[in-house]
Amino acid sequence: MPSPERPRQFASDNWAGICPEVAAALAEASAGHAPGYGADAWTAEAVRLIREVFETECDVFFVFNGTAANSLAVAAMCGPYESVLCHEHAHLVTDECGAPGFFAHGTTLKGLAGPLGKVLPAAVTDAALRRRDVHHPKVAALSLTQSTELGTVYTPDEIAALGVVAREQDLWLHMDGARFANALASLGVAPRQLTWQAGVDVLSFGGTKNGMPFGEALVFFDSELARDFAFRRKQGGQLASKTRFLAAPWVALLRDGAWLRHAASANARAAELERGLRAVPGVEVLYVREANAVFATMPPALLAGLRARGWQFYTDVGPDGAARLMGSWDTTEEDVAAFLHDATSLARA
Ligand SMILES: *Cc1c(COP(=O)(O)O)cnc(C)c1O
């Protein structure tokens with residue numbers, strides 16, 4: 001086992017532990033017995049809170065992870081001969097090992113190019129119209145990632161414009177919100193403005209990177225799409241027997257706004273890191289930091305020096321081989337200062 005004093009890293013927001021609110025809620029949910037398969041009080045309260053957050057009567061399903069949330073959403077939207085448009089760097093297409101096609105029995109994904117990790121409306125129209133013949137999969141859905149894989153965010157207007165195009169082309173609109181909280185904290189708008197009011201039909205609402213041990217919620221804003229989804233989740237192996245342990249964390253995060261505090265804190269640390277890195281000789285910050293990810297290119301000696309001092313981070317996530325540095329809910333100002341101190345001293349050496 002690693003030492004309990006192991007330092008926090010900027011490698012990924014899934015390296016962080018369980019936030020105190022969620023840890024307490026899990027302990028509380030563990031006291032005594034409660035019905036299985038979602039017939040418990042935590043599940044009912046978590047659903048109520050999610051409806052309150054989105055200010056609408058949505059259908060909510062808890063699942064274990066993001067790949068399942070996205071893949072089962074794809075299966076709900078598409079038939080085997082249909083396809084989903086998404087950004088070429090979308091987690092759906094790059095990091096889910098073909099799970100969407102597996103769960104949807106053959107549905108394919110088409111990655112579209114677009115600046116800053118975002119899909120452009122014209123690219124959607126073009127892809128939807130390019131081939132309409134039976135030899136090509138029928139385009140049936142569009143999936144957007146919010147915040148994006150490159151750390152940027154779609155504004156409500158950008159999502160609404162994509163929502164219009166999706167409607168015109170008769171496409172379902174899915175949002176991969178593994179970092180929805182970070183996008184929301186960055187934009188300071190109402191959750192409805194980023195989702196159903198902009199045309200989103202189904203959201204994979206991320207809990208893991210917001211301070212849970214695991215757990216995402218699928219939120220359907222279109223009840224027709226949610227019809228029979230309970231069967232699909234069960235068949236897909238994602239119905240938790242002790243569902244209360246997937247639901248109680250949502251109650252803990254949503255009931256007093258902890259989810260947005262954690263996301264805002266992760267974003268703020270990333271912003272400090274970005275500011276500091278811009279002052280380090282030889283470092284170039286890429287894209288636009290809008291949520292909790294900073295991408296930066298550095299001289300190889302600087303990367304090696306940081307790693308030699310124990311810092312861990314990925315350089316194979318984005319398309320440009322840049323270091324990706326993520327703020328997490330528990331990242332402190334001291335963590336950022338320590339990283340910047342090392343980067344600065346190494347760059348000046
Ligand atoms: C982390 C992440 C997911 C979820 O991944 P799982 O490992 O399956 O939980 C989905 N989409 C994006 C953009 C992510 O960053």
Side-chain angles (χ1 to χ4, degrees), residues 9-18 22 61-75 84-104 109 111-112 114 116-119 141-154 159 173-186 194-195 200 202-219 233 236-238 240 245-246 249-250 259 262-263 266-267 270 287 289-295 313-314 316-319 324-329:
Q9 296 284 351
F10 294 94
S12 180
D13 37 3
N14 71 2
W15 283 41
I18 303 170
V22 168
F61 299 86
F62 299 101
V63 297
F64 291 100
N65 59 41
T67 297
N70 289 343
S71 300
L72 291 172
V74 166
V84 182
L85 304 177
C86 57
H87 194 273
E88 61 185 344
H89 300 313
H91 194 272
L92 209 63
V93 73
T94 62
D95 285 299
E96 299 189 355
C97 194
F102 174 78
F103 279 108
L109 304 168
L112 306 174
L116 302 174
K118 298 192 211 178
V119 174
L142 168 64
S143 178
L144 308 175
T145 308
Q146 178 77 319
S147 55
T148 73
E149 286 78 1
L150 298 188
T152 56
V153 304
Y154 288 95
I159 300 168
L173 184 52
H174 167 255
M175 179 171 280
D176 176 352
R179 299 189 179 93
F180 185 79
N182 300 94
L184 196 65
S186 169
L194 296 181
T195 54
V200 173
V202 53
L203 168 72
S204 300
F205 189 8
T208 309
K209 289 163 183 160
N210 198 214
M212 294 186 194
F214 39 67
E216 318 277 297
L218 256 186
V219 183
R233 175 179 60 175
Q238 289 285 321
F245 296 111
L246 286 183
W250 286 101
W259 67 301
H262 289 326
N267 292 356
Y287 321 128
R289 187 223 48 89
E290 291 174 322
N292 61 327
V294 183
F295 287 82
F313 47 84
Y314 299 110
D316 57 359
V317 180
R324 187 195 67 169
L325 303 163
M326 303 288 309
S328 298
W329 67 267

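This structure is a prediction, so every number in the text was calculated from the model and none was measured. Order of appearance sets the numbers: ligands from 1, and atoms from 1 within every ligand. Reckoned from all heavy atoms, side chains included, excluding hydrogens, waters and symmetry mates.
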- [ ] Would you please classify the geometry between the Tyr287 ring and the Phe295 ring as parallel, tilted or perpendicular, with 30° and 60° separating the classes?
- [x] perpendicular

Open item on the list: In terms of relative ring orientation, are Tyr314 and Trp15 parallel, tilted or perpendicular, with 30° and 60° separating the classes?
Closed with: perpendicular

Open item on the list: Atom CZ of residue position Phe102 - does it have more than 12 heavy atoms of other residues, nucleotides or ligands inside 6.0 Å?
Closed with: no

- [ ] Kindly indicate, with the supporting measurements, whether the criterion side chain to side chain contact (heavy atoms under 4.5 Å, CB included) is fulfilled by Leu116 and Leu150.
- [x] CA-CA 6 Å; Leu116 302 174; Leu150 298 188; 5.7 Å; no

Open item on the list: Can you work out which protein residues put a heavy atom within less than 4.0 Å of ligand 1?
Closed with: Asn65, Gly66, Thr67, Asn70, His91, Thr145, Glu149, Asp176, Ala178, Arg179, Lys209

TODO: Would you confirm whether Arg289, through its side chain, and Ala291, through its main-chain N or O, come within 3.5 Å as a donor-acceptor pair?
DONE: yes

Task: Closest non-hydrogen atom pair, Ser186 against Glu290 - done: OG-O, 2.6 Å

